[in-house]
Asks: 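Here it is, the structure, as structure tokens.
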Amino acid sequence: MDNKIIIEKIKKLKKEKNAIVLAHTYQNVEIDEVADFSGDSLYLSRMAANTDAKIIVFAGVYFMAETAKILSPDKKVLLPNMNSGCLMADMINLKQLREFKQKHPGIPVVCYVNSTAEVKAESDVCCTSANAVNVVRALGAKEVLFVPDTYLGSYVGSQLKDVHVITYPGHCPTHLRIRPEDIIEKKKIFPDAKVLVHPECHGEVVKLADFVGSTTAIMKYASESKDKSFIIVTEKGVVDRLKRDYPEKDFILISDKAVCPNMKWNKLEDILNVLEQETNEIDVDLATAKRAFETIDRMLKL
Ligand code: 13P
Ligand code: SF4
């Protein structure tokens with residue numbers, strides 16, 4: 001079916017069924033054509049928590065749809081394609097988190113939103129890449145355990161000299177494929193370009209950044225900056241959106257390897273299918289959801 005027809009059908013069904021589509025910045029860019037809100041994890045969590053819609057189609061990965069369900073338990077939350085997992089979120093399970101806590105007793109646990117519901121339920125407060133530094137600062141603890149992303153955790157530690165951040169050894173394979181040499185090479189070709197980096201990258205990559213931030217923060221920085229040229233050091237979806245929105249500026253993707261295959265599973269056809277049939281519904285058991293809600297809610301209230 002032609003994309004135009006699919007888009008029209010999705011728009012019609014959204015109205016009929018009182019549904020919204022939330023799209024993460026790493027999604028295939030054409031998905032924005034049907035998205036009510038598009039942005040980073042923090043922004044989308046807020047939208048999921050506040051919507052009056054009956055159905056939320058989450059064009060993102062599993063943990064994002066799960067987070068939306070936890071925040072809006074009375075809504076039907078649908079994931080367009082069930083293959084869309086997050087490799088980082090799968091790097092820690094409940095047993096591993098409990099062992100990590102036992103090794104470091106009495107220390108509060110901050111979990112990155114890229115984690116399963118049961119890991120969130122077992123943590124003290126959640127964070128996203130947009131607010132990780134502020135969340136850890138607001139905790140006021142001398143030591144924190146940070147799961148599952150060792151690189152985001154280390155970045156937080158580098159920004160808060162008075163807090164000892166003990167990180168779990170998880171990572172994002174997509175961001176870890178980006179090497180400092182990639183930036184050095186690109187800077188040789190584009191010496192005036194500003195380097196905008198996502199904090200899931202390796203610390204040696206983050207060190208070369210002019211700006212470090214979430215996907216929405218990177219887009220905001222690039223849009224407001226007087227500079228004209230930017231090396232984008234995160235997933236390709238950010239570059240696709242920046243090129244679409246600011247054609248007068250230059251955006252250089254750091255590497256062809258900066259693609260999250262799991263984010264790209266969702267296609268317009270999948271959104272249409274789940275809206276038509278109301279399949280791929282996300283469910284979280286009540287006890288886990290209740291505790292995970294408290295962890296996420298603490299973050300949203302900070
Ligand atoms: P943000 O959009 O919150 O920066 O998240 C990046 C990411 O990797 C999501 O999986
Ligand atoms: Fe997970 Fe990395 Fe993909 Fe984000 S980019 S969804 S952290 S695997």
Side-chain angles (χ1 to χ4, degrees), residues 22-29 31-32 35 37-48 58-68 71 79-92 110-116 119-120 126-135 146-153 155-156 167-178 196-202 205-206 209 211-222 232-242 253-266 296 299-300:
L22 304 181
H24 186 262
T25 338
Y26 295 161
Q27 288 292 288
N28 294 305
V29 70
I31 285 186
D32 279 1
F37 303 101
S38 170
D40 69 8
S41 311
L42 182 62
Y43 175 70
L44 296 178
S45 307
R46 290 218 161 99
M47 294 305 119
F58 211 119
V61 286
Y62 193 91
F63 78 80
M64 295 181 173
E66 202 176 49
T67 304
L71 287 168
L79 184 66
N81 189 309
M82 281 299 193
N83 291 314
S84 310
C86 167
L87 296 174
M88 181 203 286
D90 293 340
M91 286 181 191
I92 186 165
V110 180
C111 69
Y112 190 23
V113 71
N114 298 32
S115 54
T116 61
V119 163
K120 288 187 179 80
C126 188
C127 74
T128 75
S129 64
N131 62 15
V133 174
N134 287 339
V135 165
F146 195 98
V147 300
D149 187 0
T150 187
Y151 296 107
L152 179 62
Y155 172 70
V156 170
T167 68
Y168 187 83
H171 65 268
C172 165
T174 298
H175 285 88
L176 213 59
R177 282 197 284 275
I178 303 168
L196 315 186
V197 176
H198 194 280
E200 284 178 17
C201 289
H202 193 285
V205 169
V206 171
F211 175 77
V212 181
S214 74
T215 56
T216 290
I218 287 176
M219 291 195 58
K220 189 168 181 282
Y221 181 99
I232 304 298
V233 189
T234 186
E235 211 270 349
K236 180 176 177 289
V238 175
V239 174
D240 295 339
R241 284 164 175 78
L242 285 168
L253 178 63
I254 184 59
S255 158
D256 291 345
K257 294 182 200 139
V259 176
C260 173
N262 286 4
M263 279 280 181
K264 304 304 190 201
W265 278 109
N266 299 316
I296 304 166
M299 164 184 86
L300 294 176

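First listed ligand is number 1; within each ligand, the first listed atom is number 1. From a predicted model like this one, the values you see are computed outputs, not experimental measurements.
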Asks: Under 4.0 Å from a heavy atom of Ser129: give me the atoms of ligand 1 that qualify, with their elements.
Replies: 1 (P), 3 (O), 4 (O)
Asks: Pick one: which of Thr216, Thr215, Asp240 meets side-chain hydrogen bond (donor to acceptor under 3.5 Å, both in side chains) with Thr25?
Replies: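 Between Thr25 and the candidates, side-chain hydrogen bond (donor to acceptor under 3.5 Å, both in side chains) is satisfied uniquely by Thr215.
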Asks: Going by the rule side-chain hydrogen bond (donor to acceptor under 3.5 Å, both in side chains), which residues pair with Thr167 if we only count those two or more places apart in sequence or in a different chain?
Replies: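 side-chain hydrogen bond (donor to acceptor under 3.5 Å, both in side chains) check on Thr167 returns Thr150.
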Asks: For ligand 1, is any non-hydrogen atom under 4.0 Å from Thr128's backbone (N, CA, C, O), its side chain (CB onward), both, or neither?
Replies: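 Contact part for Thr128 vs ligand 1: neither.
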Asks: Quick one: does Met299's side chain get under 4.5 Å of Thr128's, heavy atoms only?
Replies: yes
Asks: For ligand 1, which part of Asn114 has a heavy atom less than 4.0 Å away: the side chain, the backbone, both, or neither?
Replies: side chain
Asks: Taking only heavy atoms of Ser214 into account, list the atoms of ligand 1 that are under 4.0 Å away from them.
Replies: 4 (O)
Asks: Out of curiosity, Ser129 OG to Tyr155 OH, how far, rounded to the nearest 0.5 Å?
Replies: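 The distance works out to 10.0 Å.
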Asks: Looking only at the side chains, is there a donor atom on one of Tyr26 and Thr234 sitting less than 3.5 Å from an acceptor on the other?
Replies: yes
Asks: Of the backbone atoms (N, CA, C, O) and the side-chain heavy atoms from C-beta on, which set of Glu200 has a member under 4.0 Å from an atom of ligand 1: side chain, backbone, both, or neither?
Replies: side chain
Asks: Hey, is Met88 one of the residues with a heavy atom under 4.0 angstrom from ligand 1?
Replies: no
Asks: Ignoring hydrogens and geometry, is there a side-chain-to-backbone donor-acceptor pair from Asp32 to Ala35 under 3.5 Å?
Replies: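 Not a single qualifying donor-acceptor pair exists.
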Asks: Students should find this: residues with any non-hydrogen atom under 4.0 Å from ligand 2. What is the answer?
Replies: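 Within 4.0 Å of ligand 2, protein side: Tyr26, Val61, Cys86, Leu87, Asn114, Cys172, Glu200, Cys260, Met263.
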Asks: Looking at ligand 1, is there an atom of it that comes within less than 4.0 Å of some heavy atom belonging to Glu235?
Replies: no
Asks: Of all the atoms in ligand 1, which lie at a distance below 4.0 Å from a heavy atom belonging to Tyr26?
Replies: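 It comes down to these atoms of ligand 1: 6 (C), 7 (C), 8 (O).
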Asks: What atoms of ligand 1 come within less than 4.0 Å of a heavy atom belonging to His198?
Replies: 1 (P), 4 (O), 5 (O), 6 (C)
